[in-house]
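Worksheet for the structure shown next.
First listed ligand is number 1; within each ligand, the first listed atom is number 1. In this text the structure is predicted, and so the values were computed from the model without any measurement.
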Amino acid sequence: MHIAKYNANGNDFIIFHTFVEVDRSTLAQQLCDRQKGVGADGLIVLLPHSEYDFKWQFYNNDGSIASMCGNGTRACAHYAFTNQLADASMRFLTGAGVITSVVENDVVETELTTPKVLSESFEENGLTWHFCDTGVPHLVTFVEDIGCFDKVIARQMRYKYNANVNYARLEKNALHVRTYERGVEDETLACGTGMAACFYSAYRQKLVGTSATIYPISGDELSLRIVDQKLFFKGSVQKVFETVLDL
Ligand SMILES: N[C@@H](CCC[C@H](N)C(=O)O)C(=O)O
C-alpha cells in the first residue's frame, strides 16, 4: 500500500486511498503509534463516492472514529489533488457532512461544517467555558496566559463532556490556541476544529471581527473567517514523505 505522511501545522496524518471499505481502527492504532508505527495524530483513508470527489474515513491516533478533523481536511485535500483524485477545488464526504476544500500550492482552505452552539457558557474549575461543535465538540476557555494550560483540568473536562478542550489567548485580532485532543488523549501541536471553535466563540462574543489570525502551539500561522455563518479555515500543509507499506 502506498501511504503518505502529512504535516498540517503540527497535526500529523497518515493518508492513503483505496477501493476497499473496511474497519481500519486497529490499523489506525498500529500506524499512528509513535514508537511501533509510523506515528501520527490520525489516519485518513480516501474512498470512492458516486456523488462527491471521494469520501473519507477518519481515525484518531487511538483508533477511535472522529466525524471531522479540520487540519485533516486540508492535508487530505492536498493529497487528493496531488494524486489526481480531485481537482484543486473539491467536495468530499466526511462523518460530519460535505466539506469543500481549495488547494493552491501548499495552502489549502476548507469550508468547515456549520458551527453549532452546544450549551450556554458555564463556569467550572475557576474558568468560563464555551461549548460548540465545529464538526466535533469543543470546549473553549479564554485565558490571559496560554502558559496556564492545565492538562489535568483539560483531561477531566474532556472526559466529563466527551469533547476536545481548548485554551485560547486573545491578542488584538489574533488568537493563540492550545488544544487537548480527544482520541490522541494529549495536547497536540494544532487542532483545526479547535482553532475554529476558539474563533467562533470569540466571534460570538464580539472579541474578534469576521476574520482572525490563529497561532496554534506549533507556532504556525493560520486564518479563519466567517461568512454567512460558514467558517473558512486556511493554512499550509506539507507532505513529509511517501512510502510503500505491506498492509
Ligand atoms: N485534529 C483534528 C480533530 C480530530 C478529531 C478529534 N480528535 C475528535 O475526536 O474529536 C482537527 O484538526 O480538527
Within 4.0 Å of some non-hydrogen atom of E181, the atoms of ligand 1 are 1 (N), 2 (C), 3 (C), 4 (C), 6 (C), 7 (N)
Evaluate the side-chain proximity of N173 to T213: yes if any heavy-atom separation is below 4.5 Å, no if none is.
-> no
Between S64 and D62, do the side chains contain an N or O donor and an N or O acceptor separated by less than 3.5 Å?
-> yes
Angle class for the Y200/Y203 ring planes (parallel below 30°, perpendicular above 60°, tilted otherwise)?
-> parallel
Tell me which one of H138, M195, R74, R182 gets a heavy atom nearest to atom 7 (N) of ligand 1.
-> R182
Taking heavy atoms and a distance under 4.0 Å, where does N71 meet ligand 1: side chain, backbone, both or neither?
-> both
When you look for heavy atoms under 4.0 Å from ligand 1, do you find them on the side chain of T188, its backbone, both, or neither?
-> neither
Which atoms of ligand 1 are found less than 4.0 Å from any heavy atom of N11?
-> 1 (N), 2 (C), 11 (C), 12 (O)
To atom 2 (C) of ligand 1, the nearest of A75, G192, C69 on a heavy-atom basis is C69
Numbered atoms of ligand 1 (with element) below 4.0 Å of T193, judged on heavy atoms | 3 (C), 11 (C), 12 (O), 13 (O)
Mutual orientation of the aromatic rings belonging to Y215 and H176 [parallel < 30°, tilted 30-60°, perpendicular > 60°] = parallel
Who passes side chain to side chain contact (heavy atoms under 4.5 Å, CB included) against K239, sequence neighbours left out?
-> A4, Y6, T82, E242
Note: V136, heavy atoms under 4.0 Å from ligand 1, region reported as side chain
Give a yes or no on whether the ring-centroid distance for F54 and Y79 is below 6.0 angstrom.
-> no
Heavy atom of the protein closest to atom 5 (C) of ligand 1 (residue, atom name, distance) | M68 O, 3.4 Å
Considering only the protein, which heavy-atom contact is closest to atom 10 (O) of ligand 1, and what is its distance?
-> N164 ND2, 2.8 Å
Minimum-distance protein heavy atom relative to atom 9 (O) of ligand 1 = N60 ND2, 2.9 Å
Polar contact flag for G70 and ligand 1 (N/O pairs, less than 3.5 Å) | yes
Check: S236 main-chain N/O paired with R74 side-chain donor or acceptor under 3.5 Å | yes
Donor-acceptor contacts, no H, no angles, side chain residues 185-195, under 3.5 Å, sequence neighbours left out:
residue : atom : partner : partner atom : Å
E185    : OE1  : R158    : NE           : 2.8
E185    : OE1  : Y159    : OH           : 3.2
E185    : OE1  : Y180    : OH           : 3.3
E185    : OE2  : R158    : NE           : 3.1
E185    : OE2  : R158    : NH2          : 2.9
E185    : OE2  : G183    : N            : 2.8
D186    : OD1  : K151    : NZ           : 2.7
E187    : OE1  : R178    : NH2          : 2.9
E187    : OE2  : R178    : NE           : 2.7
E187    : OE2  : R178    : NH2          : 3.4
T188    : OG1  : E181    : OE2          : 2.7
T188    : OG1  : A190    : O            : 3.3
T193    : OG1  : H138    : NE2          : 2.8

